[in-house]
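Before any comments, here is the structure.
All chains are named by letter (A, B, ...) in the order of the sequence lines, taking the proteins before the strands, and each is independently numbered beginning at 1.
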2 protein chains.
Amino acid sequence: MSPPYGRSMSRDRDFTAVGRALSTPARSTFLNLLMDGTSRPAGELALAAGVSASTASEHLTVLVDAGLVTCRATGRHRYYSLAGQEVATALESLGMLADAAPVSGYRRSRRAEYLAAARFCYDHLAGRLGISLTDAWVHAGWLAGRDELALTDAGAVGLRELGVDVDGAVTARRATTRACLDWTERRPHLAGALGSAVGTRFLDAGWVTRHRSGRGLDVTEAGRELVREAWGINLADAGAA
Amino acid sequence: MSPPYGRSMSRDRDFTAVGRALSTPARSTFLNLLMDGTSRPAGELALAAGVSASTASEHLTVLVDAGLVTCRATGRHRYYSLAGQEVATALESLGMLADAAPVSGYRRSRRAEYLAAARFCYDHLAGRLGISLTDAWVHAGWLAGRDELALTDAGAVGLRELGVDVDGAVTARRATTRACLDWTERRPHLAGALGSAVGTRFLDAGWVTRHRSGRGLDVTEAGRELVREAWGINLADAGAA
DNA sequence: GGGACATTTCGGCGTCCACCGAAGCGTCCC
DNA sequence: GGGACGCTTCGGTGGACGCCGAAATGTCCC
């Protein structure tokens, strides 16, 4: 009869390659930088991690070989980014186990506040903005269940009016909605295919813009007005004040 | 005003400790063995990974220090198990990225078939049994959405009749339902608090029993009858035939 | 109490690998 | 074409760590 599942493949997983990829400070820093879904050139990553260009290059090769990161060559730059949504999800749940990284050498204090206000978690909105939106939508009956965030009929209508590609999200192969727990705040915000669609819409509509060459998002005036009028969310100008 | 989220804590995560814990074959083997939710003594783990007792002891210290594993001392044995449900969840999503482990030295071919039939994935049913039950319950309208598996009213009634602690699962702090993707088959099966409650019920009712000192579950005659009569699931006796 | 057993601690060995600077390769731009 | 620039490859070095056997610790049981 032979084994029923083709080839005598083990059901076990070999965690060693992925584990080794995560096991050094420089590579951990790289992944943290890429977790907002951006692509960054090797040099920038090297600088951020405080290693030489050659060392960074070796690290990036390890990450690519492990399947965590992909490389896109453009001109004389090579842009690295996370290899996909599964990688972001895996890192997200691993982050629940990991400690907060010690504040590294380069200046970060100012940025931390921007991060807290609004940021991308790979493909969906996070930070205070992501949490506030999710809370408001649960409250409005658009999303059901604090831990599942299932899309209701009312939510489908409302988000469609907002210009979110709801239908694309529902028919996507990945889970429509998913709750992503913020590492520090531990409060759920909308992820999954719908979370991605919402993020895309917010960017396309100009309600948020990626903060120049850095991490975090700026919520534009139009964006602030929208969330205030539609859902009564008052984004404190903590960053600006 | 000082930083709004207390202490100038970095929003980044330090993946190095967890990564290092995963980065050696012996430790990867240990984690695979413990992923079914069992507790195992150090000696058994050493034997399974093919390392000396002293080496295994060192590895286990690393895993405990990384917070992935906990130790319970009983008599002259020390039983190790996964540190919690978050660890199981993280490993589960990491497994999506990792390769299948090469079949290691010790005999495993026979066991693979038991594993495929029914097994525990930390706290919920998996294997063919887990997948079949989930499919049947989606079909019966007990669970909604192939990727979310949200509990319906009918499902709550049905599972409560079955003796599952539905109310405990709904009020639990973790997500009530969650879809867990099997690594090899890539088919969703019920996880989350409700998945755990179902697993507990199946064990308590004697519908499945843990296979003696090994991995995988035996579905008892009562269990086979239940799933056949209630949901038309015919568990092929692949293991016995 | 003594002997078997499970496990950890210790000391030592060999290998792996993170790191750097220098050199090589490709791209851009004057 | 030549020089600046971004990145990778190469060679070499030092430290970290996976491995074992031997000895130490602790538990069980006669």
Side-chain angles (χ1 to χ4, degrees), chain A residues 14-34 38-66 68-81 101-102 104-106 213, chain B residues 14-34 38-66 68-81 101-102 104-106 213:
Chain A
D14 179 11
F15 294 117
T16 57
V18 177
R20 217 179 66 73
L22 298 171
S23 65
T24 81
R27 293 198 285 259
S28 178
T29 303
F30 291 172
L31 292 172
N32 273 292
L33 286 166
L34 297 177
T38 55
S39 301
R40 293 170 190 277
E44 183 181 332
L45 295 170
L47 191 66
V51 294
S52 72
S54 58
T55 301
S57 179
E58 288 167 349
H59 283 311
L60 288 166
T61 317
V62 172
L63 289 173
V64 169
D65 287 349
L68 300 183
V69 157
T70 54
C71 180
R72 177 173 50 86
T74 298
R76 56 181 164 183
H77 292 272
R78 305 192 64 179
Y79 288 89
Y80 289 89
S81 55
S104 49
Y106 65 108
S213 92
Chain B
D14 180 10
F15 293 118
T16 58
V18 178
R20 217 180 67 73
L22 299 171
S23 66
T24 81
R27 293 198 286 260
S28 178
T29 303
F30 291 172
L31 292 172
N32 273 291
L33 285 165
L34 297 177
T38 54
S39 301
R40 294 168 189 280
E44 183 181 330
L45 294 170
L47 190 66
V51 293
S52 73
S54 59
T55 301
S57 179
E58 288 168 351
H59 283 310
L60 288 166
T61 316
V62 172
L63 289 173
V64 169
D65 287 348
L68 300 183
V69 158
T70 53
C71 180
R72 178 174 48 87
T74 299
R76 57 181 165 179
H77 293 270
R78 304 192 66 179
Y79 287 89
Y80 290 89
S81 54
S104 50
Y106 64 108
S213 93

Fill in: Minimum-distance nucleotide to A/Pro41 side chain [options: D/dC7, C/dT7, D/dG18]
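It is D/dC7.
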
Item to complete: Would you mind telling me which of D/dC17, D/dC5, C/dA6 lies closest to the side-chain atoms of B/Arg76?
Response: C/dA6

Worksheet item: What residues in residues 51-61 of chain A put a non-hydrogen atom under 4.0 Å from any atom of DNA chain D?
Response: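 A/Ala53, A/Ser54, A/Ser57, A/Glu58, in order of number.
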
Practice prompt. With rounding to the nearest 0.5 Å, note down the distance linking OG1 in B/Thr74 to OH in B/Tyr79.
Written response: 6.5 Å

Worksheet entry | Residue whose nearest DNA chain C nucleotide is more 5′ - A/Gly50 or B/Gly43 |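 First, find each residue's nearest nucleotide; the 5'-ward one identifies B/Gly43.
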
Could you tell me if the side chain of [Y] sits less than 4.5 Å from the side chain of [X], heavy atoms only?
{"X": "B/Val62", "Y": "B/Leu68", "answer": "no"}
{"X": "A/Val69", "Y": "A/Leu31", "answer": "yes"}
{"X": "B/Thr16", "Y": "B/Arg20", "answer": "no"}
{"X": "A/Ser28", "Y": "A/Leu22", "answer": "no"}

Heavy-atom closest pair, residues [X] and [Y]:
{"X": "A/Ala46", "Y": "A/Ala53", "result": "CB-CA, 4.2 Å"}
{"X": "A/Ala66", "Y": "A/Ala17", "result": "CB-O, 4.2 Å"}
{"X": "A/Leu33", "Y": "A/Thr38", "result": "O-OG1, 3.8 Å"}
{"X": "B/Phe30", "Y": "B/Leu60", "result": "CD1-CD2, 3.8 Å"}

When the distance from [atom1] of [X] to [atom2] of [N] is rounded to whole Å, what number comes out?
{"X": "A/Arg72", "N": "D/dG6", "atom1": "CZ", "atom2": "P", "result": "17 Å"}
{"X": "A/Tyr79", "N": "D/dG6", "atom1": "OH", "atom2": "C1'", "result": "11 Å"}
{"X": "B/Arg78", "N": "D/dT25", "atom1": "CZ", "atom2": "P", "result": "16 Å"}
{"X": "A/Asp65", "N": "D/dT9", "atom1": "CG", "atom2": "P", "result": "10 Å"}
{"X": "B/Leu63", "N": "D/dG18", "atom1": "CG", "atom2": "C1'", "result": "13 Å"}
{"X": "B/Leu22", "N": "D/dG18", "atom1": "CG", "atom2": "P", "result": "12 Å"}

Worksheet entry | N or O in side chain of B/His77 less than 4.0 angstrom from C/dT7 OP1/OP2 |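 Checking B/His77 against C/dT7: at least one side-chain N or O falls below 4.0 Å of OP1 or OP2.
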
Worksheet item: Does the side chain of B/Arg20 get closer than 4.0 angstrom to OP1 or OP2 of D/dG18 through an N or O atom?
Response: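 Answer is yes, contact under 4.0 Å.
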
Practice prompt. Classify the nucleic acid contact of B/Tyr80 as base, sugar-phosphate or nothing, counting any heavy atom under 4.0 Å across all strands shown.
Written response: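 The residue B/Tyr80 makes sugar-phosphate contact but no base contact.
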
Worksheet item: Hey, what bend do you get for the helix from C/dG1-D/dC30 to C/dC30-D/dG1 if you fit axes on five pairs at each end, rounded to 10°?
Response: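 Overall, the helix from C/dG1-D/dC30 to C/dC30-D/dG1 bends by 30° from one end axis to the other.
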
